[in-house]
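A, B, ... follow the sequence lines: proteins, then strands. Residue 1 opens every chain. Note that this is a predicted model, so its numbers are computed, not measured.
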Amino acid sequence: MVFSCESLKKKITKELNASHVVSSSRRSESSSLRGFTLLVVAVGLVVRWAVAVGPHSGQGRPPMFGDYEAQRHWQEVTLELPLRQWYANSSRNDLGYWGLDYPPLTAYHSWALGHAARALDPAFVAPHHSRGVEHDLHRLFMRASVLVAELAVYLPPLLLYTRDLKTNPVLAVLYPGLILIDHGHFQYNCISLGLTLAAVVALKRRRLALGSVFFSLAINYKQMSLYHSLPFFCYLLGVCLRQPTWAAALSKLIKIALAVVLTFAFVWAPFLYPSPADVLQVLHRIFPVARGLYEDKVASFWCAISVVVKVQNVLPRTWLTLLCLVTTLGVVLPSNLLLLRQPNNKNLLLSLFISSLGFFLFSYHVHEKSILLPATAAILLLPHHPVSATWFLAVSTYSLLPLMVKDKLVVQWAALLILFVAVAAKMMPPANSAFLRTARKVSLGGSIFLVLAQAVIAPPQRYPDIFPLLNSIFSCAHFLGFLTYAYWVQFRTESKQHAN
Amino acid sequence: MIWFVYGLLSCFKLLLVPAYRSTDFEVHRNWLAVTHSLPLKQWYTDETSPWTLDYPPLFAWFEYLLSQVAAFFDPEMLRVSNLNYASNATVLFQRLSVIITDAFLAYGTKECCSFIRASGVRKSSRWTLTWGSPISVLALLVLGNAGLLMVDHIHFQYNGFLLGILLISIARMLQGKYLSSAAWFSALLNLKHLFLYVAPAYGVYLLRNYCLCDSEEPESRGFWILGGKRLSISRVTKLACIGGLICFASFGPFIFAGQFGQVFSRLFPFKRGLCHSYWAPNFWALYNAADKIAVIVGKRLGFPIVSNSAVMTGGLVQEFEHTVLPSISPKVTFVCSVVTMLPALIKLWLSPANPLHFVRCIVLCAFSSFMFGWHVHEKAVLLMIIPLSLLAVLWRKEARIYLLLSTVGNYSLTPLLFTPLEIPLKGLLVLCHAVYAFVQLHQMFNLQKGSILRLPLLNRFESVYTLGLAPLFLYQHALHGALFGAALPFLPLLLTSTYCALGVTYCWAVFYFHFLFSGNHKRKIH
C-alpha cells in the first residue's frame, strides 16, 4: 500500500477537523449546560419567592401565631438571654410560648439572624414587645433569610449531585413539598436537608470524614435528621469493614469517629463548659417524651389504622413506645444490614429512603413535615428510578394538604403540584406495563377525587375530621406501597448479584 | 405545546394571587360594578368612584360579560358604592379573569408560531427539539414575558388579553388574511384606543398590499394609481364595512343613548402632563433630566435661574414648566411622533408583499409614539417588546435588539411594584426572563460563548450597560436608603428612568437604522 503525500494530508486534515468539531461541540455543550443550570436556578428562585409573597403559618392569628413566630421568637430569645438560659424556663424565657426545642446549631443560626434583624430594625426582636411582629418589612427579612439559606446550603450540593450524574435538575429543584414548607409555611428545613445532601455527595466522592461532618451538622441543626442516621452509620461502618487489612479498617474508623466527635464537641462546647449538666436540659427539650403518638392527622401507619383501632387508647404509653420501637426497627433493619454488607452508593440511597420512610410510618410522635426526609432521599433517587421517585414526591406533597388548608396555602399547593406533575409527565417515558399505567391513573384520579370532594362536600357533623383522615389513609397506603417497592428493588438486585 | 406552556405559566400566575395589587385592581372592580348594576346611559357618566370608565365601549362590554361571571363569586363586588372592596373571592375572581383571558395571548402566539413554522422563513436544525425549537422559544418569550407578568398579574391589568388580540391580528396579516386582520385590529381599537399608535402601519400596509392590486386581478376595477396598480373599490368598501360594523357594534348603543360626546370626552382627556407619574424611559425623560442638570450646573456657575420647586417625578404635579430648556406642548410631541414614524411608513410602502416588514413597522410606530408621545405610560414599552419577540427568533440582529430592549424595558417597569415583599420578586422575574432569553437565543444562533463582561449576542458596550442594571437595582432598593435615608426620595426613580431611557433610545436608533437600510429580504440574513 502506498501512502501518497496527498492522501496523508487529506487524512490528517480530516482527523483534525473532526477533533476540532468534537472539542467545540463539547465546549458548547458544557456552556449550554451551565446556561441551563442557571436558568433552572433562576426559575426555582422565582417560584420560591412567588410562594413567599403568600401567607405563612399562623399569620394574623394571636396569641400563639405559628412557626413563623416561633422562628422569630428564637431570634429574640437567643439575642436577649445568655446562652445557658436559652433552653431553660425562667421569668425571661417562657418555654410555653414557642420555647427553643431544636439542637444548638439552630439556636446559633437564630442568634446570627437575630443580630441581622436588630441591625435592620430593633423592633423586630425587641424583648416581649416584638411578639407577633409580621408587617411587610419583617416578612421581607424573614423570607429572604430562608431564600439565602436555601441558596447557600441546599442548592449547591443538589446541583453538584445532578451534575455528577449528568441529569436534569429541574424536578429536584421544583419539588413542591420543600418549597411549600420552607417558603410558604415557614421553616428552615433546607439547611438540615442540604447538609444531608452534602453528606451524600461527599460520600459518593469517597470523602468519608467530610461526609460524616456534614451529616453530624445536619443532626445538630434538626434532630429529625436522625431518621437518616442508621444508613449513614451502616454505610460508614461497612466501608471500614471492607478494608483489606485490620489496620486500614481501624485507621479509617478512627478518622471517621474523630470527625463525628469533634463536630459534636465543637457544636456543643458552649453548653459543655463549665457545667456539663446543662446539656441534659437541652436534650430534654430536644427529645420530649411526653407527647402524643402523632400530631393532627398525619399519614403515619398508626394514624391510618386509627379508623379500625386506636392503638393509643388500647395500650399504655410504655407499651406503645415499645411497639413503635419494635415495628420501626423491624421495618428498617433488614435494609440497613444489607447496606452494612454491601456499602455501595445505590444501597445507601435506598436505605436512606427506606429508613426515613419507616421511621415516618411507624415511629412515635411523627410530624407531617417529616415526610420531607424520605422525600430528600427520593430526590437523590430521581436519576436512578425517575418514574417511581417522581410519583413518591407527588404523593408526599399531596399528604401535606391538611397543613396547607390550615395555612391557607391551598392555591399555592395545587398550583405547584400541578406544575410538578405536568413537567414530570412531559419528561417521563410512557409506562410500558399496563399495571403501572392503571396504578398511576388510580392514584391520580383518587387524589383529584379526594380534593374535589373536600372542596365541595361539607364533612358530616359526626365526623368533622373525615377528610384529613381520608387523606392520611390515602397517602399512607401509597407510602406502604413505596416502602415495599423500595425493598423489592434493593433485594432484587442483591439476589441478581449473587446469581452472577 | 403552546397550551402546555400556557398551563404551566398559569400555575405560576396562580401563585401571585395574594401578591401586591395596585389601584388598577379597584379600577377594574369599579368598572365591573358600573357595567353590572347601572343602565347603559350611566356607564360613562357615573362618578361614584374617582376611577371612572375611560376605555372604549367594547372594553365596557367585556367588563359587562365578566361581571356576569363575577356574580357567582361574590355579588358584593358588583355594588357601585362598595369602594375598595376586596374580599378573597373578589381577588381570586379578578386574578383568574386575567389568567384565563391570557388564553388570547396564547392563541395569538400559536397563530404566529404556525405561520413561522409553515413559511420556512427560518431554516434550522432545531425544529425537531421540544424546548429548543424556535416556536417553543417564542411561546415562552411571549407568554413568560416578565413585564407582562409584573404588570398584569401583580400590578393588575389586562395587557396580555389586548396584546393577544394584536398578535392574532398580526398573525392573520402574516397569513395574508387581510380582512380578518383588519377586523381583529378594529376590535382591538375598540377595546383600548392606545393602539391607535400602531394604526398607521396597518393603514399603509393594507392600502399597499390589499387595496392596490394588479390590473389582471378580477377585483381590479377602480382608479389607476401607479405603476399599473389600481385602487380596488370593492376591496376598500369591504375594509370600510368591516371596520365600520365593528365600531358600530361597540359604539352604537351609546350613540342611540345620546352618549357619544360623553364617551368621547372620557376617552381623550387633554389635561394630563407631559410625563406619567414617574417618567417612562423615553426621549422626554432624557430631556427632563437634561433640564434638571442644566439647572444645577447653571446655579453652580452663578446664572440667575428661577427654579420652580415642583418635583417632577412625584406624581403630584401633573403639569410643569421646564426651567432652562423650552417647555413642551402636546402639539410638539404629536409632530415629533408623526415625523419619526414617516420614514418607516415610507419604507413599508416601498417594500410590498413583505409581511415581516409590517411587523417591524408596527414595532417602529410603537417606538416613535413611545419615544415622543404625550403622557406616555411606562407600560407602553410592552407594545414594542411583544411584537419584537416574533422577529427575535428569526434574525440574529433583531435577537440582539430584542435582548437589550426586553431586559431594559422589563427593568423599567419594576418601579411599578414598590412594596417590600415584591422587591425580590420583580428582580428575580426580570432576571429569569433575561437568563432564558440570553441562553435560548444564544443557542439558537449557535455562537461562541461570551466572557464575563461580554454577554452573548451583545457587544461589550451593550453588555456592560445591561449588567449595569444590577448595581442600579441594588442602589435603588438598598444603598440609596442607607446613604440618604429619606432625603432625595425621587433620585432612584430619576436614575432608573434616565438610565433606561438611554438604552431604549439606543435600541430605537439601532433598530430604525437596521429597518431602513436592510434589503427586502424574506430569508435569513446575517
Side-chain angles (χ1 to χ4, degrees), chain A residues 24-25 27-55 59 135-144 147-148 170 174 176 179-180 183-184 408-423 425-427, chain B residues 1 4-5 7-20 88 91-92 95-96 99 130-132 140 144 146 149 153-154 417-444 446-450 456 477-478 481-482:
Chain A
S24 85
S25 83
R27 195 186 324 132
S28 83
E29 200 173 273
S30 85
S31 102
S32 83
L33 192 69
R34 212 175 307 143
F36 184 72
T37 313
L38 189 64
L39 185 63
V40 170
V41 172
V43 170
L45 291 183
V46 162
V47 168
R48 277 161 175 76
W49 200 275
V51 174
V53 295
Q59 186 170 4
H135 51 79
D136 276 358
L137 219 54
H138 187 250
R139 284 170 68 206
L140 173 66
F141 165 69
M142 294 292 273
R143 296 296 203 188
L147 199 73
V148 167
V170 68
L174 286 182
I179 300 179
L180 287 165
H183 301 272
K408 302 192 176 115
L409 285 164
V410 181
V411 173
Q412 284 87 339
W413 170 85
L416 283 185
L417 193 51
I418 294 171
L419 195 78
F420 181 77
V421 172
V423 172
K426 197 85 179 173
M427 286 168 60
Chain B
M1 180 65 206
F4 181 74
V5 172
L8 286 190
L9 283 165
S10 297
C11 286
F12 175 73
K13 292 164 188 169
L14 274 177
L15 297 177
L16 302 173
V17 168
Y20 156 83
N88 286 339
V91 175
L92 188 66
R95 293 283 200 204
L96 277 179
I99 295 174
T130 320
W131 291 102
L140 266 160
L149 286 173
H153 301 278
I154 304 178
L417 314 173
F418 50 84
T419 41
L421 274 172
E422 275 69 23
I423 290 169
L425 186 58
K426 65 186 185 182
L428 287 171
L429 276 172
V430 173
L431 179 77
C432 214
H433 181 93
V435 168
Y436 179 79
F438 274 101
V439 168
Q440 286 294 354
L441 293 177
H442 169 232
Q443 282 176 21
M444 190 179 288
N446 218 4
L447 303 165
Q448 290 297 309
K449 79 184 178 87
H477 295 295

### Message
I need the minimum non-hydrogen distance between A/Leu147 and B/Leu428, along with the two atoms involved.
### Response
CD2-CD1, 4.5 Å

#### Entry: Selection from B/Val17, B/Leu421, B/Ile423 maximising heavy-atom pairs under 4.5 Å formed with chain A
B/Leu421

### B/Leu15 versus A/Val53, closest heavy-atom pair with distance
O-CG2, 4.4 Å

### Query
Any side-chain heavy atom of A/Leu140 sitting closer than 4.5 Å to one from B/Pro424?
yes

#### Entry: Contact origin within A/Arg143 toward chain B - heavy atom pairs under 4.5 Å
side chain

### Task
Under 4.5 Å heavy-atom distance to chain A, tell me which part of B/Tyr20 shows up: side chain, backbone, both or neither.
neither

### Message
With a 4.5 Å cut-off on side-chain heavy atoms, are B/Pro18 and A/Gln412 touching?
### Response
yes

### Task
Step through the shown structure and confirm whether more than 12 heavy atoms of other residues, nucleotides or ligands are within 6.0 Å of CG on B/Asn88.
no

## Note on the structure
Closest heavy-atom pair, A/Ala415 versus B/Leu14, reported as atoms and distance to 0.1 Å, is CB-CB, 4.0 Å

### Message
Just so I know, are the side chains of A/Leu38 and B/Val439 near enough to count as touching, which here means a heavy-atom distance under 4.5 Å?
### Response
no

### Query
Taking all atoms of both residues into account, what is the closest heavy-atom pair of B/Pro420 and A/Asp136, and its distance?
CG-CB, 3.8 Å

## Note on the structure
Greatest number of non-hydrogen atom pairs under 4.5 angstrom with chain B, of A/Ile418, A/Leu137, A/Val51, falls to A/Leu137

### Query
Is any side-chain heavy atom of A/Val47 closer than 4.5 Å to a side-chain heavy atom of B/Phe12?
yes

### Atom pair CG (B/Leu9) and CG (A/Leu419), whose distance is rounded to the nearest 0.5 Å
8.5 Å

## Note on the structure
For B/Leu16 and A/Ala50 the tightest heavy-atom approach is CD2-CB, 4.0 Å

